[in-house]
Amino acid sequence: MTDNNKKRDSFRSQWGFILACIGSAVGMGNIWMFPIRVHKFGGFTFLIPYIFFVIVIGYSGIVEEMALGRGLKAGPRGAFLKATESRGSQAGKYIGLIPVIGSFAIAIGYTVVVGWIIRFLVGSMTGSLIAAEDSGAYFGSIAGPYGSVVWHAVAIILCMVIMSYGIGAGIEKVNKFMMPAFFLFFIILAIKVVLLPGSKEGYRFLFSPDFSELKDPQIWIYGLGQAFFSLSLAGSGTVVYGSYLSDEDNILYSAKWTAIFDTIAAMLAAMVIIPAIYAFQVEAAGGPPLMFIIMPTIFKSMVGGRIFAVIFFIAVLFAGVTSLINLYETPVEMLEERYGLGRKTATIIILALGFIIGIAIENGDVLGAWMDAVSIYVIPLGALLAAIIFAWVLDKEFATKEIFKGSGKVGENELIYTWIKYVYVGISLAVYLIGIFWGAIG
């Protein structure tokens, strides 16, 4: 079932793999969505359902996707095919395209956003961002139709260069630098915000729970969505990264630290953004307006704002790039495995196609609709299908063995497998259905 004549690239160390998975998980959801969800749903109170769902589904979901990729030594299409072949069916080669398409579609939109980030970083360095009288107009000129084609292209080229070096020499090496730097830069920003007059009100709000808010079902629905999407559960990127993982490495250990550091990243973002909003008394809003309008407005009012704007957008760029290369890796791996293409050829084809399609949605309103559609209808479906393939299609003994391989506890405990089979699959189905009938919750 797992035979593969073509030698696969691999991560060179377990912590290199963990940092790559953290890089995949830490992204815009941590920075422009989590703080505003915390602000909207009672500060610390929102952390209760969020952390609850990180524990309930994050650990098992990450474990399942890592084990699926490593066990079958393939990304989603190849893994789904091998799994269904074990049951005498070729359906996996079609079903496995769903998470590949989802990953590619999100990458296309995400690249536009990374282009905006690069433009804002340059504006921070030159001072044009701070000098702009109207931050909304500044962003509008960039986010309008074809307003950032050059920076969009820079984002594509940057990812193309990194990915062309492969897993160990490219993706792992970049994540080993960018992820620690991301946390360091946000710690610097958090220290600056602590010193701002008026910020203590933000911290008081952030760490003062109102348990009566827990009666509101919305806080649980959005806590679920935030945990699910923040942990990059999509049946794609974590599966393909898992396929490059050594059999000697411990998936349970890797999944634990991925979930922990993703949560730390979200909390750091909240500890920077919420107190800053209170300190400068600006109106809170989530999504791109938070990052590209509200934060620049705050930096304008801050002593040393230009320097801190540079630090902020470098950190955000690192989060964006490490997520983006993970998203593109899924279709690149498929071309390599399905058609036998070389690494550089597959990377050029996928990223060039992504750029061409991306130009067509290079408009803030169109991009928002594109990202919402993919996030609602494709991404959670990919996660659900991967969970079903792992827990309901693969042989139980094989799946359980893959979970514990490298941990020294092979086959010792079936609880996590049972949890994946019933609880995680059920919650993944719920996320998919809630998204369709409720709207975007991630």
Side-chain angles (χ1 to χ4, degrees), residues 2 11 14 17-18 20-27 53-83 92 95-100 102-103 106 167 171 227-247 249-259 261-262 323 326-327 329-331 333-334 378-394 398-407 416-417 419-421 423-429 431-432 442:
T2 62
F11 287 99
Q14 178 154 11
F17 169 73
I18 292 171
C21 290
I22 294 168
S24 166
V26 174
F53 283 117
V54 167
I55 295 170
V56 169
I57 65 169
Y59 194 28
S60 57
I62 297 171
V63 166
E64 168 262 307
E65 294 195 5
M66 289 178 178
L68 177 63
R70 183 172 73 174
L72 299 177
K73 295 289 185 263
R77 183 193 175 277
F80 284 26
L81 175 58
K82 290 178 181 180
I95 300 171
L97 290 175
I98 293 173
V100 176
S103 186
I106 283 291
I167 304 304
I171 292 174
F228 193 91
F229 287 94
S230 180
L231 291 167
S232 198
L233 298 172
S236 53
T238 306
V239 175
V240 77
Y241 274 7
S243 73
Y244 301 126
L245 184 62
S246 164
D247 286 346
D249 290 324
N250 186 344
I251 280 178
L252 298 171
Y253 180 83
S254 299
K256 177 183 71 175
W257 285 109
T258 299
F261 276 103
D262 179 67
S323 294
N326 174 265
L327 291 168
E329 181 60 28
T330 301
E333 186 271 348
M334 190 193 75
V378 187
I379 295 298
L381 179 58
L384 173 61
L385 290 172
I388 291 172
I389 288 288
F390 184 80
W392 290 90
V393 176
L394 284 176
F398 176 83
T400 305
K401 179 181 176 182
E402 290 305 322
I403 290 172
F404 292 99
K405 186 185 290 181
S407 69
I416 192 168
Y417 171 81
W419 189 269
I420 293 167
K421 186 169 186 175
V423 178
Y424 177 66
V425 169
I427 292 179
S428 297
L429 176 60
V431 169
Y432 184 50

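These figures come from a predicted structure and were not determined experimentally.
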Checking the side chain of E333 only, and the main-chain atoms of G75 only, is there a donor and an acceptor separated by less than 3.5 Å? yes

Is the side chain of R70 donor-acceptor paired with the backbone N or O of K405 at a distance under 3.5 Å, no angle test? yes

Kindly indicate whether the side chain of M334, heavy atoms from C-beta on, has any atom under 4.5 Å from the side chain of L97. yes

With the side chain counted from C-beta on, respond yes when V425 and W392 share a heavy-atom pair under 4.5 Å apart, and no when they do not. yes

Does any N or O in the side chain of S103 come within less than 3.5 Å of the main-chain N or O of L327, such that one atom is a donor and the other an acceptor? yes

Give a yes or no on whether the backbone of I18 and the side-chain of Y241 come within a donor-acceptor separation of less than 3.5 Å. no

Using modelled atom types and a 3.5 Å cut-off, is there a donor and acceptor pairing between side-chain atoms of S246 and backbone atoms of F11? no

Student check: side-chain heavy atoms of V393 and F80 closer than 4.5 Å: no

Counting N and O atoms only, with roles assigned by atom type, does the side chain of S24 sit under 3.5 Å from a partner on the main chain of A20, one being a donor and the other an acceptor? no

Determine whether a donor-acceptor pair (N or O, by modelled atom type, separation under 3.5 Å) exists between the side chain of E65 and the backbone of A234. yes

Polar side-chain atom of W257 near backbone of I22 as donor-acceptor pair, under 3.5 Å: no

Heavy-atom closest pair, residues A83 and L394: CB-CD2, 3.7 Å

